[in-house]
Amino acid sequence: MKTMQAHTRLLVIAVGILLVSILFLLIVTPAAYTKTLPNENNSGALIGLSLAIGLHLVLLSAYLRIIKKLRKNHNIRIGSYIVIGVFLLILGLIDTDGAFAYLNNTDAFYISFLLFTSIFCDLTAAVLTFIAASLKHKSVAVNTSPDKMLLYGIVVGIGVVMMILFAFPWGIILSLAFWIYLGITIRRKPSFFSDKIEATLAEKLQKRLKGLLTVAVISLPVAIAGLVIHHVNSAGTDGEESLFFYIGIIAEYSFVVASAAGIITFLKGQQNPN
């Protein structure tokens, strides 16, 4: 019970930090719209920050739903924590581009400072969420030695983080390589999971992998189209178009994250439960 209280408390703290992040984004939005371009309003900054605020509100809603279910003693999958934490990291990385863009603007330097503060809040909330996931009770019996589990978790965790941090080009390259390998594996044998795991678990993992593949198949062309349209519009207007840039970047990270989750699922299905 103490562990449950501890990890729920961490989520509550993460919610508070996320609210602070949203507050800073709300503060900088009017200034970014009116003070970042000479003699005109910056509609691109307005669209980008509004989209960022909307995504933060979605994650805030997800936090509140999890906390509400935890108070009713509902079982929450660890994957829910990981998804929220990863998307917070992605938003932080995306907002970093805007924070550095305003860094050299002497008339609106405080916008860059507040954006970096918001990013720091996002990263802190993500770390707290990952810690909460590690404290969550597990009902599945563990047959692997703790040392091997720790080493396996560290290797997989570092790999996932590297894929996300270097989404272009290495994350995309590794993702495409994984899905191609998976397609070749399916052609060679009916199941790509170990025959030593239970049939129900194999079926569950296979459904999860198909869902992740669907996300990857949809997000990759959206990422390509968004970034291409962004470059075309920016070249035609001699400015920076923001909407399709954010759509392309979010879709790109969605593809990489779905692929990373697919790799984890695949490796889980290869493990010997004994």
Measure the spacing between CD1 of I119 and OG1 of T124 and express it to the nearest 0.5 Å.
11.5 Å

What distance separates L209 CG from F266 CZ, expressed to the nearest 0.5 Å?
8.5 Å

Below 4.5 Å, heavy atoms only, C-beta onward: do L114 and L25 meet side chain to side chain?
no

Option among E203, K210, R208 that satisfies the side-chain contact (heavy atoms from CB on, under 4.5 Å) test with Q206
K210

Pairwise distance CG(L18) to CD1(I84) - rounded to 0.5 angstrom
9.5 Å

Indicate if V58 and I247 have the same hydrophobic cluster label, given that clusters are the connected sets of ILVMFWY residues with side-chain heavy-atom separations under 4.5 angstrom.
no

How long is the gap from CD1 on I224 to CZ on F255, to the nearest 0.5 Å?
8.5 Å

Closest non-hydrogen atoms of V86 and F130, given as atom of the first, atom of the second and distance, are N-CZ, 3.7 Å

Closest non-hydrogen atom pair between Y110 and A31, with its separation:
OH-CB, 3.1 Å

Let me see the working for F244 and V228 under side chain to side chain contact (heavy atoms under 4.5 Å, CB included), right down to the final yes or no.
CA-CA 9 Å; F244 287 100; V228 168; over 6 Å; no

Between atom CZ of F24 and atom CG of L49, what is the distance when rounded to the nearest 0.5 Å?
14.0 Å

Which value, rounded to the nearest 0.5 Å, describes the distance between E252 atom CD and I94 atom CD1?
9.0 Å

Test item: V257 and V83 side chains (from C-beta on) under 4.5 Å apart, heavy atoms
no

Using ring centroids (six-membered ring only for Trp), state whether Y253 and F87 fall under 6.0 Å.
no

Pairwise side-chain contact, Y81 with L11, heavy-atom cut-off 4.5 Å (strictly under):
yes

Walk me through it: do D122 and I17 pass the test side chain to side chain contact (heavy atoms under 4.5 Å, CB included)?
CA-CA 7 Å; D122 290 343; I17 294 174; over 6 Å; no

Is the shortest heavy-atom distance from the side chain of L176 to the side chain of L220 under 4.5 Å?
yes

Treating S259 as the side-chain partner and S175 as the backbone partner, does any N or O pair qualify as donor plus acceptor under 3.5 Å?
no

Do I53 and V20 share a hydrophobic cluster, counting only Ile, Leu, Val, Met, Phe, Trp and Tyr and linking them when any side-chain heavy atoms are less than 4.5 Å apart?
yes

Which pair of non-hydrogen atoms, one from S21 and one from C121, has the smallest distance, and what is that distance?
CB-CB, 3.7 Å

Are the side chains of L88 and L123 in touch, meaning some heavy atoms are under 4.5 Å apart?
no

Do Y33 and F113 sit in the same hydrophobic cluster, where Ile, Leu, Val, Met, Phe, Trp and Tyr count as joined when their side-chain heavy atoms come under 4.5 Å apart?
no

Taking all atoms of both residues into account, what is the closest heavy-atom pair of T265 and L205, and its distance?
CG2-O, 3.6 Å

Side chains of R71 and I67 in contact at under 4.5 Å (non-hydrogen atoms)
yes

For residues V256 and G171, report the shortest heavy-atom separation together with the two atoms involved.
CG2-C, 4.1 Å

Report yes or no: does N42 contribute a side-chain atom to a donor-acceptor pair with the main-chain N or O of G44 at less than 3.5 Å?
yes

A99 backbone acceptor or donor facing S112 side chain under 3.5 Å:
yes

Would you say CZ of F178 has more than 12 non-hydrogen atoms from neighbouring residues, nucleotides or ligands within 6.0 angstrom?
yes

Minimum heavy-atom separation for D95 and Y246, please, with both atom names.
OD1-OH, 4.2 Å

Would a single hydrophobic cluster contain both V215 and I82, if residues Ile, Leu, Val, Met, Phe, Trp and Tyr are joined by side-chain heavy-atom contacts under 4.5 Å?
no

With a 4.5 Å limit on heavy-atom distance, are the side chains of L60 and V15 in contact?
yes

L89-I264 co-clustered via ILVMFWY side chain contacts under 4.5 Å:
yes

Using modelled atom types only, decide if a donor and an acceptor are shared between the side chain of T34 and the backbone of P30 within a distance under 3.5 Å.
yes

